[in-house]
Amino acid sequence: MAKGDGSITKRGTNLWEVSLSLGRDPITGKYARKSLTVHGTKADARKARDKLKRDLENGLRIAEADTSFGIFADEWIDAKAKSGDIGDGREAVLRNHVKLLKRYIGNVPLSKIDAQMVERLYRRIRDDKIKERGSYSNTTLRMVHTTMNQIMAKAVDYDLILRNPCERVKAPKPDDNDRRSLTVEESVRLLRQIDATESAA
């Protein structure tokens, strides 16, 4: 069977097996297949088969389409650490972000994560953290978003997903910083006060 050929086999009432040939693995020499079970009508099974074909044509590695976020995120952070791109402090921060994200979507396949899920994820993290701590800063959530965005961008690079859902999500706005620079007039007054205090001493 040629690469991209698909078949639909009835396995029971409203139960179908969709199978697609992925071609010959150039390293092992073995022929690979992607199979999935579809509950519904034969038309539903055809749609599932056609989606697999489109994904294959678009260059996706559909044999690994079910890779979970948790497994991929662990591989991502391990690769970053081993590459020497990040220091120990930054690695610890990223590992904490990955741990937090895995708590909510660790078992979700990468291909199932969309922009709406990411938005719900951020809301849930914020709500849970506020219940735990009493508060949770937007700046921290923005850093978590940055990590999530980098992970999903790498999944696109590896042809595991077609697009990065984080690109369709507005990043949490960082908290306003109450500190501000002194105006020229305030600086002059401060220097005069320092001079007056030193002269009086």
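Keep in mind that the numbers below use all heavy atoms, side chains included, and drop hydrogens, waters and symmetry copies.
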Which residue pairs pass the salt bridge (charged side-chain N to carboxylate O under 4.0 Å, His left out) test when at least one of the two sits in residues 133-152, sequence neighbours left out? none
Donor-acceptor contacts, no H, no angles, side chain residues 69-76, under 3.5 Å, sequence neighbours left out:
| from | atom 1 | to | atom 2 | distance (Å) |
| --- | --- | --- | --- | --- |
| Asp74 | OD1 | Lys102 | NZ | 3.1 |
| Asp74 | OD2 | Lys102 | NZ | 2.9 |

Lys42 versus Lys10: any side-chain heavy-atom pair under 4.5 Å? no
Residues passing the salt bridge (Lys or Arg N to Asp or Glu O under 4.0 Å) test with Arg123, sequence neighbours excluded, are none
More than 12 heavy atoms from other groups under 6.0 Å of CG on Asp157: yes
How long is the span from the NZ atom in Lys129 to the OG atom in Ser135, to the nearest 0.5 Å? 11.0 Å
Less than 4.5 Å apart, side chain to side chain, heavy atoms only: is that true for Ile77 and His97? no
With sequence neighbours excluded, what pairs up with Arg120 under the salt bridge (Lys or Arg N to Asp or Glu O under 4.0 Å) test? none
Side chain to side chain donor-acceptor pair (under 3.5 Å) partners of Lys80, counting only residues at least two apart: none
Counting C-beta onward and ignoring hydrogens, is there a side-chain heavy-atom pair between Asn14 and His39 closer than 4.5 Å? no
Residue set satisfying ring-ring contact (aromatic ring centres under 6.0 Å, His included) with His145, at least two apart, ordered chain then number -> Tyr122
Considering only NZ, NE, NH1 and NH2 on the basic side and carboxylate oxygens on the acidic side, decide whether Glu132 and Arg103 come within less than 4.0 Å. yes
Partners passing side chain to side chain donor-acceptor pair (under 3.5 Å) against Thr41 (at least two apart in sequence or in another chain): Asp44
Give a yes or no on whether the backbone of Asn149 and the side-chain of Asn164 come within a donor-acceptor separation of less than 3.5 Å. yes
Determine whether Tyr104 and Leu141 fall in the same hydrophobic cluster, where Ile, Leu, Val, Met, Phe, Trp and Tyr are linked whenever their side-chain heavy atoms lie under 4.5 Å apart. yes
Among residues at least two apart in sequence or on other chains, which ones pass salt bridge (Lys or Arg N to Asp or Glu O under 4.0 Å) with Asp128? Arg124
Heavy-atom pair with the smallest gap, counting every atom of Ala115 and Val169: O-CG2, 3.5 Å
Set of residues satisfying side chain to side chain donor-acceptor pair (under 3.5 Å) with respect to Tyr136, sequence neighbours excluded: none
With sequence neighbours left out, the residues meeting salt bridge (Lys or Arg N to Asp or Glu O under 4.0 Å) with Glu91 are Arg95
Test side chain to side chain donor-acceptor pair (under 3.5 Å) applied to Ser137 - qualifying residues, sequence neighbours left out: Thr140
Ala79: side chain to side chain contact (heavy atoms under 4.5 Å, CB included) partners, not counting sequence neighbours: none
How many angstroms lie between atom CG of Leu94 and atom OG1 of Thr147, to the nearest 0.5 angstrom? 5.0 Å
Is Met148 reachable from Leu100 through a run of I, L, V, M, F, W or Y residues, each pair having side-chain heavy atoms under 4.5 Å apart? yes
Is there a donor-acceptor pair closer than 3.5 Å between any side-chain N or O of Trp16 and the backbone N or O of Gly40? yes
